[in-house]
Amino acid sequence: MERFHWLKVAVFICLFTVSGARELKLKQTDNVPIYNHTLATILVEYASAVYMSDLTELFTWTCSRCDDMTKGFEILELIVDVQHCLQAFVGIAKDLNAIVIAFRGTQEHSIQNWIEDLFWKQLDLNYPGMPDAMVHHGFYSAYHNTTIRPCVLNAVKRAKELYGDIPIMVTGHSMGGAMASFCALDLAVNFDGPCEVQLMTFGQPRIGNAAFASYFRKHVPNTIRVVHEHDMVPHLPPYYTYFPQKTYHHFPREVWLYNIGLDSLVYPVEKICDGSGEDPSCSRSVTGNSISDHLLYFGVELQAETWGSCRIVMLDQRVKNHSVTDLRGNFVLSRDPTNSAIKLNTEAGISRTSAL
């Protein structure tokens with residue numbers, strides 16, 4: 001706890017004592033993403049659902065978080081990298097007429113320990129094909145060097161074959177937001193064929209330097225990073241204003257959620273920030289000292305049922321029959337929407353049919 005106390009003090013010092021330094025500004029363009037509140041409240045539910053550990057309910061979209069504004073979503077592939085404790089899904093949201101990709105956030109034994117470790121992370125990887133761009137090796141590897149990337153790309157290719165060139169919406173919370181960002185850039189730059197990509201993340205940490213942020217803005221202009229009040233994670237790894245070329249730097253555009261007023265007269269504000277990625281009048285204007293703000297966006301819980309382990313629950317043998325497992329125990333649940341339906345048992349012995 002003493003270390004965590006000094007961590008918060010250090011964050012405060014880094015954010016405020018150097019605020020008078022000259023900052024590196026990203027080149028402004030006229031291509032400004034449009035923020036849509038309703039879309040944000042939909043995508044945050046996808047970012048929440050991907051945390052579910054009961055893979056039968058998640059794959060059939062019958063889980064407790066698989067309802068409300070995401071009702072009717074059809075998962076094409078659910079990817080579980082057991083080796084690295086990662087999880088993502090790709091599916092079709094017919095009401096949005098879009099492919100939705102969601103990545104799960106950190107599933108560490110303690111989110112507090114994860115945040116403490118993140119404070120000390122350094123830029124340690126040159127981003128391929130972009131001079132001077134550097135990124136966080138751990139976030140980059142979680143997407144690029146695991147089973148996640150090839151499975152996601154395969155699912156997107158399959159979705160486009162089935163549904164045509166519909167838009168792709170990528171989302172995630174916390175570390176899942178970092179992975180979602182690398183995925184969105186990968187699709188925009190490397191995918192074979194037309195690819196309209198939109199990214200919206202929640203409580204995302206910084207993932208690269210200013211050169212990377214400029215590169216990202218150019219290729220994924222339709223990007224929104226939502227930050228809630230004093231959420232600690234978007235302040236990490238730290239931004240050092242005295243060393244703009246060597247420090248982490250957010251890409252634009254931030255939307256900062258905060259409240260104004262007193263007592264019962266409190267009004268929520270959704271502030272669309274400037275195109276710098278590091279708007280000093282948005283979340284950087286306050287201390288990033290809250291874990292509770294990190295775990296709740298638009299009233300939606302963004303965490304696993306338990307943080308104790310990388311727990312996976314498989315309840316239905318027929319769902320297991322849709323899985324392919326590699327030698328390391330990682331697996332993909334894959335669905336063909338043109339196939340016939342199967343029956344699943346729900347509570348109270350009531351049968352329910354879900355097309356798989």
**Message:** Please identify which of these residues, Gln303, Arg104, His173, meets the side-chain hydrogen bond (donor to acceptor under 3.5 Å, both in side chains) condition with Tyr51.
**Reply:** His173
**Item:** Short side-chain donor-acceptor distance under 3.5 Å, Glu77 and Asn154
**Value:** yes
**Prompt:** Is it true that Tyr258 and Val266 fall in one hydrophobic cluster, defined by side-chain heavy atoms closer than 4.5 Å?
**Reply:** no
**Item:** Sub-4.5 Å side-chain heavy-atom contact between Ile168 and Lys160
**Value:** yes
**Asked** In Å and rounded to the nearest 0.5 Å, what is the CD to CG distance from Gln198 to Leu187?
**Response** 13.0 Å
**Request:** Determine, step by step, whether Val227 and His250 satisfy the side-chain contact (heavy atoms from CB on, under 4.5 Å) criterion, reporting the C-alpha distance in whole Å, the side-chain angles of both residues, the deciding distance to 0.1 Å, and the verdict.
**Result:** CA-CA 12 Å; Val227 179; His250 271 306; 6.0 Å; no
**Fill in**
SG (Cys183) and CD1 (Ile148) are apart, to the nearest 0.5 Å, by 10.0 Å
**Request:** Determine whether Val135 and Leu125 make a side-chain contact, defined as any pair of heavy atoms from C-beta on separated by less than 4.5 Å.
**Result:** yes
**Message:** Quick check for you: to the nearest 0.5 Å, what is the distance between Met169 atom CE and Asn97 atom CG?
**Reply:** 8.5 Å
**Fill in**
In short, Pro238 meets Thr247 closest at the heavy-atom pair O-OG1, 3.2 Å
**Item:** N/O donor-acceptor pair under 3.5 Å between Asn209 side chain and Met134 backbone
**Value:** yes
**Request:** State, with a plain yes or no, whether a side-chain heavy atom of Tyr297 is found less than 4.5 Å away from one of Phe202.
**Result:** yes
**Prompt:** Can you tell me how far the CE atom of Met52 sits from the CZ atom of Phe59, to the nearest 0.5 Å?
**Reply:** 16.0 Å
**Request:** Can you see which heavy atom on Leu199 is nearest to which on Ser181, and at what distance?
**Result:** CD2-OG, 3.6 Å
**Prompt:** Should the heavy atoms of other residues, nucleotides or ligands under 6.0 Å from CG of Asn259 be counted, would the total exceed 12?
**Reply:** yes
**Request:** Identify the heavy atoms of Asn222 and Ile34 that sit nearest to each other, and give their distance.
**Result:** OD1-N, 4.5 Å
**Request:** Look at the side-chain heavy atoms of Ile, Leu, Val, Met, Phe, Trp and Tyr, link any pair under 4.5 Å apart, and say whether Tyr248 and Met179 land in one connected group.
**Result:** no
**Prompt:** Checking Glu74 side chain against Gly72 main chain: does a donor-acceptor pair fall under 3.5 Å?
**Reply:** no
**Prompt:** Closest approach of Thr146 and Ser141, non-hydrogen atoms and distance?
**Reply:** CG2-O, 3.5 Å
**Asked** Does Asn289 reach the side chain of His235, with side-chain heavy atoms less than 4.5 Å apart?
**Response** no
**Message:** Under a plain distance cut-off of 3.5 Å, with no hydrogens placed, do Glu254 and Ser283 share a side-chain donor-acceptor pair?
**Reply:** yes
**Prompt:** Where the side chain of Ser290 meets the backbone of Asp293, is there a donor-acceptor pair that is under 3.5 Å apart?
**Reply:** yes
**Asked** Can you list the residues that meet the disulfide bond (SG atoms under 2.5 Å apart) rule with Cys63, with sequence neighbours excluded?
**Response** Cys66
**Asked** Regarding Tyr143 and Asp186, is there a side-chain donor-to-acceptor distance under 3.5 Å anywhere?
**Response** yes
**Message:** Could you check, using the six-membered ring where one of them is a Trp, whether His228 and Phe298 have ring centers closer than 6.0 angstrom?
**Reply:** no
**Message:** I'd like to check the ring-ring contact (aromatic ring centres under 6.0 Å, His included) partners of Tyr215; sequence neighbours left out, ordered by chain and number.
**Reply:** Tyr127, His219
**Asked** Between Glu278 and Arg206, is a salt bridge (Lys or Arg N to Asp or Glu O under 4.0 Å) present by the stated rule, with each step listed?
**Response** CA-CA 10 Å; Glu278 295 288 348; Arg206 297 182 178 99; 2.8 Å; yes
**Message:** Between Leu78 and Gln87, does the side-chain contact (heavy atoms from CB on, under 4.5 Å) criterion hold? Intermediate values first, please.
**Reply:** CA-CA 8 Å; Leu78 172 58; Gln87 190 163 296; 4.2 Å; yes
**Message:** Assess the residue pair Leu96 and Leu39 against the criterion (side-chain contact (heavy atoms from CB on, under 4.5 Å)); give the C-alpha distance rounded to whole Å, side-chain angles, the decisive distance to 0.1 Å, and a yes or no.
**Reply:** CA-CA 9 Å; Leu96 298 176; Leu39 180 61; 4.0 Å; yes
**Message:** Parallel, tilted or perpendicular: which one describes the rings of His136 and Phe139, with boundaries at 30° and 60°?
**Reply:** parallel
**Prompt:** Are Met232 and Leu296 grouped together when hydrophobic residues (ILVMFWY) are joined by side-chain heavy atoms under 4.5 angstrom apart?
**Reply:** no
**Message:** Could you walk me through whether Ser334 and Arg158 satisfy the side-chain hydrogen bond (donor to acceptor under 3.5 Å, both in side chains) test, starting with their C-alpha distance in whole Å, then the side-chain angles of each, then the deciding distance to 0.1 Å, before giving a yes or no?
**Reply:** CA-CA 11 Å; Ser334 186; Arg158 220 160 42 89; 3.2 Å; yes
**Prompt:** Short question: side chain of Thr70, backbone of Asp67 - any donor-acceptor pair under 3.5 Å?
**Reply:** yes
**Item:** Backbone N/O of Met69 and side chain of Glu45: donor-acceptor pair under 3.5 Å
**Value:** yes
**Request:** For the pair His84 (side chain) and Asn145 (backbone), establish whether a donor and an acceptor sit closer than 3.5 Å, ignoring hydrogens and angles.
**Result:** no
**Of all pairs that satisfy salt bridge (charged side-chain N to carboxylate O under 4.0 Å, His left out), the ones with a partner from residues 223-248, not counting sequence neighbours** = none
**Request:** Answer yes or no: is there a side-chain heavy-atom contact under 4.5 Å between Ile75 and Val90?
**Result:** no
**Asked** Does the ring centre of His294 sit less than 6.0 Å away from the ring centre of His230?
**Response** no
**Message:** According to a hydrophobic-cluster definition based on side-chain heavy atoms being under 4.5 Å apart (Ile, Leu, Val, Met, Phe, Trp, Tyr only), do Val233 and Leu123 belong together?
**Reply:** no
**Prompt:** What are the two closest non-hydrogen atoms of Pro252 and Thr223, and how far apart are they?
**Reply:** O-CG2, 3.6 Å
**Complete:** In terms of heavy-atom contacts, Phe212 and Leu185 come closest through CE1-CD2, 3.7 Å
**Asked** Between Phe73 and Phe89, how do the two ring planes meet: parallel, tilted or perpendicular, split at 30° and 60°?
**Response** tilted
**Crowding at CG, Asp132 (>12 non-hydrogen neighbours, <6.0 Å)** = no
**Asked** With a 4.5 Å heavy-atom cut-off, do Ile101 and Thr171 have their side chains touching?
**Response** no
**Asked** Are the ring centres of Tyr140 and Phe182 closer than 6.0 Å?
**Response** yes
**Asked** Are more than 12 heavy atoms from other residues, nucleotides or ligands located less than 6.0 Å from atom NZ of Lys218?
**Response** no
**Item:** Atom CD of Glu196 with >12 non-hydrogen neighbours under 6.0 angstrom
**Value:** no
**Prompt:** To the nearest 0.5 Å, how far apart are OH in Tyr267 and CG in Leu265?
**Reply:** 5.0 Å
**Request:** Could you walk me through whether Lys71 and Trp61 pass the side-chain contact (heavy atoms from CB on, under 4.5 Å) test, one step at a time?
**Result:** CA-CA 8 Å; Lys71 191 173 183 178; Trp61 210 249; 5.9 Å; no
**Asked** Heavy-atom distance under 4.5 Å between the side chains of Arg253 and Arg217, does that happen here?
**Response** yes
**Prompt:** Once you round to the nearest 0.5 Å, how far does NZ of Lys271 lie from OG of Ser285?
**Reply:** 7.0 Å
**Thr147-Asp81 side chain donor-acceptor pair, cut-off 3.5 Å** = yes
**Request:** Please check if atom CD in Glu301 has more than 12 non-hydrogen atoms from other residues, nucleotides or ligands closer than 6.0 Å.
**Result:** yes
**Message:** Is there a side-chain contact between Cys273 and Val255 in this structure, where contact means two heavy atoms from C-beta onward sitting under 4.5 Å apart?
**Reply:** no
**Message:** Using only atom types and a distance under 3.5 Å, with no angle test, would you say the side chain of Thr62 pairs donor to acceptor with the backbone of Leu58?
**Reply:** no
